[in-house]
Amino acid sequence: MEKDNIAVGLDIGTTKIVAMIGKKNEYGKLEILGIGKSKSLGVARGVVNNITQTIQSIQQAIIEAENNSGYKIKDVVVGIAGQHIRSIQHTDYISRNNPEEVIGENDIQLLIDQVNKLAMLPGEEIIHVLPQEFKIDGQSEIKEPIGMYGGRLESSFHVVVGQASSIRNVGRCIQSSGIELSGLTLEPLASADAVLSQEEKEAGVALIDIGGGTTDLAIFKDGIIRHTAVIPFGGNVITDDIKEGCSIIEKQAELLKIKFGSAWPGENKDNEIVSIPGLRGREPKEISLKNLSKIIHARVVEIVEQVFAEIKAYGHEDPRKKLIAGIVLTGGGAQLKHIKQLVEYITGMDTRIGYPNEHLAGNSGEEISSPLFATAVGLVMNSIQNSSQSAVRMELVNEQTKVVYKNVPTPVQRYEVEENYVEKEETVEQPRETVTKAVKAESTETKIRRSFFDRYVDKIKEFLDNAE
């Protein structure tokens with residue numbers, strides 16, 4: 001029987017939650033086995049603000065993905081985003097006791113651990129520590145220091161920081177949904193893995209991921225992440241402006257934006273009008289497409305200008321920091337008509353729409369290769385790198401381990417897993433909705449050095465266990 005490495009990514013967005021199950025095929029491409037989507041309730045601008053609703057939305061997406069794929073999900077890699085994310089540049093060094101010994105992974109880990117001890121603002125924690133270029137005894141621009149000799153090892157770091165409470169809330173939602181958290185990844189980095197080529201990262205590129213609640217930015221140069229930022233505006237503010245400007249309900253505003261919206265007002269003629277059905281017997285409302293485009297244009301310009309300010313802050317005008325590959329747009333907002341032309345006009349940089357189809361197998365559906373699912377595809381790719389068996393076939397699920405539903409005198413029913421389940425007369429069972437739990441496949445402890453991120457996930461798990 002084939003032993004496939006089944007990977008699962010969970011994208012908790014402001015407008016939608018996507019659970020995606022995939023594996024690598026024989027050609028090294030990503031084959032999507034199943035996908036589950038649900039409307040995101042309880043998340044605003046990338047931050048959980050209602051635990052109960054978020055848990056329900058996650059469970060809905062997970063169940064749909066399981067039904068589509070025939071696999072039972074055990075653990076997921078989750079994307080972290082939101083307006084609380086910020087990044088800083090930091091340089092640190094260590095002095096080695098024996099310069100006659102070659103530099104090893106332990107030395108780099110020691111340097112990373114030192115950066116992790118940086119003092120942050122109250123309530124903030126370091127999420128990512130990404131080494132950039134190393135310097136050994138004054139010799140700069142070293143990308144791979146392992147195996148070299150030297151007494152002083154120095155490196156510049158890209159440090160991503162976020163609110164500890166927001167990250168723990170996401171962990172709580174995952175745990176309460178009956179699945180394990182196997183990894184956390186910054187969403188702009190996941191999107192970058194899905195839509196950018198190595199050549200673009202080398203040449204210099206800015207990835208702009210326009211989501212529902214936030215717009216994420218990741219800048220790469222010389223194959224290294226140089227700058228990340230999260231702007232707290234996205235597609236939802238465009239919808240809100242249409243709702244207010246045209247005096248219609250949100251659902252109609254969203255449909256108008258998707259079907260008739262354009263970021264370039266000059267494309268629409270004055271006599272192009274769309275009729276919106278009136279509410280409960282009221283007269284239909286006529287809306288000029290030119291006016292609609294003007295509303296969208298004003299808000300998109302504001303978002304793009306804020307992103308461009310971040311690109312300028314990185315210093316792209318410096319010849320050594322020039323972004324030769326320009327800008328790549330992805331996310332749901334990248335599907336807006338003429339947004340590519342508008343971004344080129346404002347920034348003066350070459351722009352393309354980023355699709356995740358480069359890494360997908362040839363038989364993937366058109367829907368999956370949409371910019372909408374770039375982050376989810378990137379998270380599955382990240383999960384594959386973990387080499388964990390994140391899901392097993394339904395028929396391999398152990399029937400003996402059951403989820404028992406206990407009656408709790410609260411409006412929200414809690415689901416508790418009992419590991420050593422024993423049949424008791426007083427236990428209230430609901431046979432129609434019995435959920436089975438996957439057999440935990442023994443993970444091979446071949447990794448000698450564990451990354452900081454693995455330990456960070458363990459830290460969150462430990463915090464959640466202690467909070468019980």
Side-chain angles (χ1 to χ4, degrees), residues 6-23 30-82 169-185 187 190-191 194 209 211-214 234-236 254 331-332 356 364-365 367-384 390-392 394 397 403 412-415 417 433 435-438:
I6 308 299
V8 185
L10 184 69
D11 175 15
I12 302 175
T14 306
T15 49
K16 68 181 189 320
I17 290 176
V18 178
M20 196 178 271
I21 305 174
K23 65 172 182 179
L30 186 63
E31 187 182 325
I32 303 301
L33 303 170
I35 184 168
K37 299 193 302 289
S38 67
K39 188 170 170 59
S40 183
L41 303 169
V43 181
R45 292 188 174 167
V47 179
V48 173
N49 61 6
N50 187 316
I51 294 278
T52 309
Q53 286 186 328
T54 306
I55 291 167
Q56 287 170 353
S57 297
I58 290 171
Q59 285 175 331
Q60 196 179 327
I62 292 287
I63 289 165
E64 191 182 319
E66 287 176 341
N67 292 341
N68 287 344
S69 65
Y71 281 84
K72 181 77 186 161
I73 293 173
K74 296 193 303 176
D75 56 65
V76 293
V77 168
V78 180
I80 289 289
N169 283 340
V170 170
R172 163 63 66 204
C173 292
I174 301 295
Q175 195 184 53
S176 301
S177 301
I179 48 178
E180 289 294 316
L181 179 66
S182 67
L184 288 162
T185 302
E187 291 200 351
S191 302
D209 185 344
T214 58
N236 283 3
E254 184 67 25
S364 300
E367 186 195 27
I368 294 165
S369 57
S370 156
L372 205 65
F373 296 113
T375 303
V377 170
L379 291 170
V380 175
M381 288 167 65
N382 196 279
S383 181
I384 284 173
S390 297
V392 293
M394 291 289 194
V397 172
V403 174
V412 181
Q413 193 157 28
R414 291 175 56 219
Y415 307 128
V417 179
E433 294 187 52
V435 180
T436 51
K437 189 188 175 191

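Scope of the values below: all heavy atoms of this structure, side chains included, with no hydrogens, waters or symmetry mates. Residue numbers count from 1 along this sequence. Keep in mind the model is a prediction, meaning the values are calculated, not measured.
Using a distance-only test at 3.5 Å, with no hydrogens or angles considered, no donor-acceptor pair links the side chain of T214 to the main chain of R45. Not one N or O on the side chain of S390 forms a donor-acceptor pair closer than 3.5 Å with the backbone of K74. Between the side chain of E66 and the backbone N or O of I73, at least one donor-acceptor pair lies under 3.5 Å. Panel note: side chain T14, backbone V43; no donor-acceptor pair is recorded below 3.5 Å. The backbone N or O of G13 sits less than 3.5 Å from a side-chain atom of S40, completing a donor-acceptor pair. Side-chain atoms of N68 come within 3.5 Å of backbone N or O of I35 as a donor-acceptor pair. Between the S38 side chain and the S57 main chain, a donor and an acceptor come within less than 3.5 Å of each other.
Note: I32 CD1 to K23 NZ = 11.5 Å, rounded to the nearest 0.5 Å. Interatomic distance, OG1 of T15 versus CG of L41, reported as 11.0 Å (0.5 Å rounding). The distance from the CD atom of Q56 to the SG atom of C173 is 11.0 Å, given to the nearest 0.5 Å.
A side-chain N or O of T375 and one of S191 form a donor-acceptor pair less than 3.5 Å apart.
Taking all atoms of both residues into account, the shortest heavy-atom contact from G378 to A194 is N-CB, 3.7 Å.
I62 is not listed as a side-chain neighbour of S177, based on a closest heavy-atom distance of 4.5 Å or more. Counting only heavy atoms from C-beta outward, the side chains of M20 and I368 approach each other to under 4.5 Å. Inter-residue side-chain proximity for E187 and D209 is flagged as unmet; no heavy-atom pair is nearer than 4.5 Å.
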